[in-house]
Trainee: 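To start, I am sharing the structure in question, which I have written as structure tokens.
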Protein chains: 2
Amino acid sequence: MNTSVKNVPAATDVARLAGVSQSAVSRAFTSGASISSKTRSKVMAAAEELGYRPNQLARSLLRGRSQLIGVVLGNMENPFFPLALETLSKQLNAQGHKTLVFTNEANQQADTSIEDMLNYRVDALILMATTLSSSLAEQCQAAGIPVVFVNRISHAMCCSSVTSDNEHGARLIAQHLVDAGYQRIAFMAGIETSSTSRDREAAFTDALIAMGREKPMRVVGHFNRTGAMQAMRQLLKQAQRPDAVFCANDHMAMAATDVARYEYALTPGKDIGIAGFDDIPHAHWPGYDITTYSQPLDALISQTVERVLSQSNQYDAIHTVVKGNLIMRSSTSPTN
Amino acid sequence: MNTSVKNVPAATDVARLAGVSQSAVSRAFTSGASISSKTRSKVMAAAEELGYRPNQLARSLLRGRSQLIGVVLGNMENPFFPLALETLSKQLNAQGHKTLVFTNEANQQADTSIEDMLNYRVDALILMATTLSSSLAEQCQAAGIPVVFVNRISHAMCCSSVTSDNEHGARLIAQHLVDAGYQRIAFMAGIETSSTSRDREAAFTDALIAMGREKPMRVVGHFNRTGAMQAMRQLLKQAQRPDAVFCANDHMAMAATDVARYEYALTPGKDIGIAGFDDIPHAHWPGYDITTYSQPLDALISQTVERVLSQSNQYDAIHTVVKGNLIMRSSTSPTN
DNA sequence: TGTTGTGTTGCATAGCTATGCAAAATAGTG
DNA sequence: CACTATTTTGCATAGCTATGCAACACAACA
């Protein structure tokens, strides 16, 4: 019964059954090819009967384009990444591309995963929360494979990037916290080597200093929940505890909120101001309601897709910055 | 400067440079092949110099195995899926496989995505929160492609599944709610057509009736946050409101908690019992602390991977059930 | 030295489809 | 109907690698 012979039909089988050549079969499945509707329907009928489907591997091999886009993601614990992956995958699908995905330990170099992807001849690479060795970056350039970093800038000159406006956001947050009357303001960094965290910190610090404040207290939350909770405790157990914290992303801001509220019985907004960055949906859940700077995910991703799929100038590194907005919520209103 | 000629070297180029045949190059990159260490190192040096990497598309075409595993996921809003994807992708990588991923509208038939994947000759399909038309299921069987459903059972006889023990979990939750003294117990369904939701509901209802209770009130939350919030409001606005709700997953239970606490000023546990299913990490965040039944994600996924990669018997549908545990938390302790 | 065995190597081909080119068929026109 | 223009078709090949087979080299051994 269960014969384990898998007999996947090929184009020649269809051709034989339909009484045409293999080329005709190929053309029947290629939109815009030169073929009469009569033979196309003959082919389609035969294909249907045999359960034929064109082998995309062979097609890719021949065309030199696999239609595969490699995506490397960081820590899935942060809701930003799954949401980004979802919109990315949908947009790529809509353009006829498939998504080859790797998840990576946060901020590690993704070299081995990427080598695997290159072996599959991906048409492009999209890297989120990852680094790329410069030797591999050069290989990508040599092979003509566009590489786009999302929300991270690489020192490798040949790679494009799409980021949200970290400077703008951090400046607005600083301004807002000062306006709201907070006095002792702290910053919670993400992963220290990431450009995202560094850019946000630099702009935040500069803005505070420009307004005559001191350099903020600083603590490191590593962009994950556990790290952020520890960092928050470190801040709150001090005698002179800060009265406001800007966390380098919303995911950490949520952890910070939980520590403040449930371990120190502080009411966010009133007793301590908490701000984040990203505007993930969770940031306006009633239990959090966190002031933040919005990263317009759709725009971010569509810019990324455009950069990746545009044939022209794929050798020039283009750095795109997408502006967002300050979203004020109750986590930073001392009067609530 | 920027010549747009992408000149990816092939095995013959390496062979020429190394002064060997193309076969030698192939063998140098195939572990266990018959080749002397001297020529292998000659080949490797030449490959290094040219930046050669074996073309996995050609290799897959020839071998008939692509090493690609197709994964279709539902709604990324539910943290369960990203976490599952992450562990899945890691386990598959560890076995030398790559992950081709599609995200799908919740519970829609994933046929078009899956057809695309079949075109790439995936070695297997893993489907989460999706349906598969029976015609496509048959095609997969004919092509010898194992299909495994995670947390969903398909009517198509040829497909295996790995699920957590929905009956066991729902029964334990029912028991626990009754033991805790709740009187008017409700159930919040997910997507009505999903076997996951139906199985949990059936077992929950049966258990309650077996304990002499009435059939629980019933509301539908569609497995997403918005739906769950609406469903919860529907429950709570009644005059005779329930004093406990079992939600078909944690993601909905979190939404229900937010509605209860922030819209109706009810304290979970004390004023209303709320239970979920999955034990996602968020379920023990202090703001939620939701009683639930644990799905051991690692076990679930490793069973899935095993089923998918085991060559033997891939034509027999095997249904694996992974047991979890009741996790009691404060969301169902009336005395807190 | 001749023989047998083991380990290496190259040749030729398969695996599946897309496409340039020439041949064939069809349509169009007077 | 004859002739040209256009569309459709098949042939042959390319794209890249893995592998069976035969040839080869080499060492071991008597």
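We name chains A, B, ... by the order of the sequence lines, and we start the count at 1 in each one.
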Trainee: Test side chain to side chain contact (heavy atoms under 4.5 Å, CB included) on B:L118 and B:L136 and set out the steps.
Mentor: CA-CA 10 Å; B:L118 293 178; B:L136 213 42; 4.2 Å; yes
Trainee: If I take atom CZ in residue A:R59 and atom C1' in nucleotide C:dT19, what distance separates them, rounded to the nearest angstrom?
Mentor: 13 Å
Trainee: Between A:S26 and A:S23, is any side-chain donor less than 3.5 angstrom from a side-chain acceptor?
Mentor: no
Trainee: Let me know, please, whether A:R53 or A:K38 comes out on the 5' side of the other along DNA chain C by nearest nucleotide.
Mentor: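 Its nearest nucleotide lies further toward 5', so the answer is A:R53.
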Trainee: Roughly, in whole Å, what's the span from CD1 in A:I35 to C1' in C:dT19?
Mentor: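 Going from CD1 in A:I35 over to C1' in C:dT19 covers 14 Å.
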Trainee: For A:S66 and A:R121, indicate whether the former's side chain and the latter's backbone hold a donor-acceptor pair under 3.5 Å.
Mentor: yes
Trainee: Taking CG from B:L61 and P from D:dA18, how many angstroms apart are they, rounded to a whole number?
Mentor: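 The distance from CG of B:L61 to P of D:dA18 comes to 11 Å, rounded to the nearest Å.
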Trainee: Any side-chain donor-acceptor pair under 3.5 Å between B:R16 and B:Q22?
Mentor: no
Trainee: Please write out each protein N/O paired with an N/O of nucleotides 10-14 of chain C under 3.5 Å, distance rounded to 0.1 Å.
Mentor:
{"unit_1": "C:dG10", "atom_1": "OP2", "unit_2": "B:S21", "atom_2": "N", "d": "3.0"}
{"unit_1": "C:dG10", "atom_1": "OP2", "unit_2": "B:S21", "atom_2": "OG", "d": "2.9"}
{"unit_1": "C:dG10", "atom_1": "N7", "unit_2": "B:R27", "atom_2": "NH2", "d": "2.8"}
{"unit_1": "C:dG10", "atom_1": "O6", "unit_2": "B:R27", "atom_2": "NH2", "d": "2.9"}
{"unit_1": "C:dC11", "atom_1": "N4", "unit_2": "B:S23", "atom_2": "OG", "d": "2.9"}

Trainee: Are B:N151 and B:Q295 linked by a side-chain donor-acceptor pair shorter than 3.5 Å?
Mentor: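 Checked: B:N151/B:Q295 side chains pair up, N/O donor to acceptor below 3.5 Å.
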Trainee: Rounded to the Å, how far apart are B:F29 CZ and D:dA18 P?
Mentor: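 Result: 10 Å.
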Trainee: In terms of side-chain heavy atoms, does A:Q139 have a donor or acceptor partner in B:R53 at a distance below 3.5 Å?
Mentor: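 Indeed, the side chains of A:Q139 and B:R53 share at least one donor-acceptor pair under 3.5 Å.
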Trainee: Quick check on C:dT9: is either OP1 or OP2 less than 4.0 Å from any side-chain nitrogen or oxygen of B:T39?
Mentor: yes
Trainee: Check the distance between C:dT17's C1' and A:Y52's OH and give it to me in whole angstrom.
Mentor: 7 Å
Trainee: Between the two end axes of the helix from C:dT1-D:dA30 to C:dG30-D:dC1, each built from 5 base pairs, what angle do you get to the nearest 10°?
Mentor: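 About 30°, once rounded to a multiple of 10°.
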Trainee: Using whole Å, what does the distance between atom C1' of nucleotide C:dA18 and atom CD of A:Q56 come to?
Mentor: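 Distance, rounded to whole Å: 12 Å.
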Trainee: Both A:R40 and B:N55 contact DNA chain D. Taking the nearest nucleotide for each, which residue is further toward the 5' end?
Mentor: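 By nearest-heavy-atom nucleotide position, the 5'-most residue is A:R40.
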Trainee: Round to a whole Å and report the spacing from CZ of B:R16 to P of D:dC16.
Mentor: 12 Å
Trainee: Counting distance only, does the side-chain N/O of A:R40 pair as donor-acceptor with the main-chain N or O of A:R27 below 3.5 Å?
Mentor: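 It does hold such a pair.
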Trainee: How would you label the contact of A:S34 with the nucleic acid (heavy atoms, under 4.0 Å): base, sugar-phosphate, or nothing?
Mentor: base
Trainee: Looking only at non-hydrogen atoms, find the nearest pair between A:K98 and A:G96 and report the distance.
Mentor: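 Looking at all heavy atoms of both residues, the closest pair is NZ-O, 3.2 Å.
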Trainee: Would you mind classifying the nucleic acid contact of A:S26 as base, sugar-phosphate or nothing, using non-hydrogen atoms under 4.0 angstrom?
Mentor: base
Trainee: Among C:dT17, D:dT19, C:dT8, find the nucleotide with the atom closest to the side chain of B:R63.
Mentor: D:dT19
Trainee: B:R65 CZ to C:dG15 P: how many Å, rounded?
Mentor: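 It works out to 17 Å between those atoms.
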Trainee: Would a distance-only check, ignoring hydrogens and angles, find a side-chain to backbone donor-acceptor pair under 3.5 Å from B:T320 to B:V162?
Mentor: no
